[in-house]
Structure formats: structure tokens, C-alpha cells
Amino acid sequence: LSFRLLSKLHQPKERGHARHIWPLKTNLCKQLVAGPGLCLHFNFQAIIIVWAFCVAIGWTFMAKTIDTDLFILGTRKFGTPRENCQLVSWGYETQQRLMWTKVHFTYWVYVLSFVGCLLHSIRQLRNFQTDEMEAKTMGDFSAFVEGLPEQQGETFAEENVKTAIERATDQ
């Protein structure tokens, strides 16, 4: 159990205080608890939930304003063969009559989903760039070296590169 407790994410250490576990009220869409990837993932999840809610509200509005049969189409229970025949006939006629609403609704959901994804990707990029500028990450302590010669596996490539970089940077 002590390993499990130590494996949980803790808040940053403050001088003179013990590290505490993040509270349940922590907003994972804004607070960097486990890096920018987790924050961006929770932002994506929030957008998906909001978008699904907006689509449901749009369908409800459309069904209430155009025809309330859109709510019950395909959900009626069948009974006797005669009632089933009437139900199939009603369902076919209603579906043909309201097909344009479903096509238009699907078209606009697709278009708005595409535009929303583009806008959300721009927002995610901006959030990531802001988080990277504010936080110290491993990227702040790394270097990109080009033009290294190919080496065989028998040589100590890391030592050779380290020595060359130390000579080049006087460190």
C-alpha cells in the first residue's frame, strides 16, 4: 500500500512542507498535474462532451420545430401482424417525408464538426505553446546535434560526442 500511495501524483514540494496529493477539485483542463499531454487530453474530452450536448440540443430543437415524429421514428413497438403492417407503412411514409431533415442535420453536424476540430486544434496548439513557455521541461535542457558521423556499435559513441561537445562549448 505504501508503494501505491507513493505512485499517486503529488503537488510540487514547497520548502518546509510535505508533498500533498492533488485534491479532487483540481481542474485537469487548466492545471498541469502530469504534464501538458494530460491537460490537452482533458481539454479534448471536455470539448467532446460539450459538442455531443450541442448536437443533442440541435436535434431536439429541430425535431420540436419541424415535426415531433422525429422523436419517435423507429421506436414504436409492434403488435399484431395488422398493427405491424400499419406501423411499417407509417414509418416508411414518415421517413420519406422527413428524410430531408436528417440529411441536412447530418450535413451541418459534419461541417460544424470539421470547423470545430480545426478551431480546437489551434486552441490546443496555443495552450501547449503557453504551457511550454511557462513550465520547465526536459526540452529546456536538451540540445539537437546534427552532422554526427555514423559509428559502429563497438565504439563508445556517447563518450566521443560528450567530449566533442565539451570541447566545442568550453564546459
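Everything quoted here is computed from the prediction, not taken from an experiment.
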inquiry  = Classify the ring geometry of His120 against Phe44: parallel below 30°, tilted from 30° to 60°, perpendicular beyond 60°.
reply    = tilted
ask   = side-chain contact (heavy atoms from CB on, under 4.5 Å) between Arg123 and Arg126: does it pass, once the steps are laid out?
value = CA-CA 5 Å; Arg123 180 180 173 271; Arg126 299 288 187 259; 5.8 Å; no
ask   = Can you list the steps and then say if Phe114 with Val109 is a side-chain contact (heavy atoms from CB on, under 4.5 Å)?
value = CA-CA 8 Å; Phe114 179 75; Val109 166; over 6 Å; no
query = Going by heavy atoms in the side chains, are Gln45 and Cys29 under 4.5 Å from each other?
reply = no
ask   = Which atom pair, heavy atoms only, marks the closest approach of Thr101 to Met62?
value = O-CE, 3.7 Å
inquiry  = Using only atom types and a distance under 3.5 Å, with no angle test, would you say the side chain of Arg19 pairs donor to acceptor with the backbone of Pro12?
reply    = no
4.5 Å side-chain heavy-atom contact, Cys39 and Lys30 = no
ask   = Does Trp22 offer a backbone N or O that forms a donor-acceptor pair with the side chain of Thr26 under 3.5 Å?
value = no
task = Step by step, work out the side-chain contact (heavy atoms from CB on, under 4.5 Å) result for Asn27 and Phe42.
result = CA-CA 9 Å; Asn27 185 352; Phe42 274 94; over 6 Å; no
remark   = Shortest non-hydrogen pair, Ile21 vs Gln11, comes out as O-NE2, 4.1 Å
request  = Give a yes or no answer on whether the side chain of Thr68 reaches the backbone of Lys64 with a donor-acceptor pair at less than 3.5 Å.
outcome  = no
ask   = Taking His104 for the side chain and Lys102 for the main chain, is one N or O donor matched with an acceptor at less than 3.5 Å?
value = no
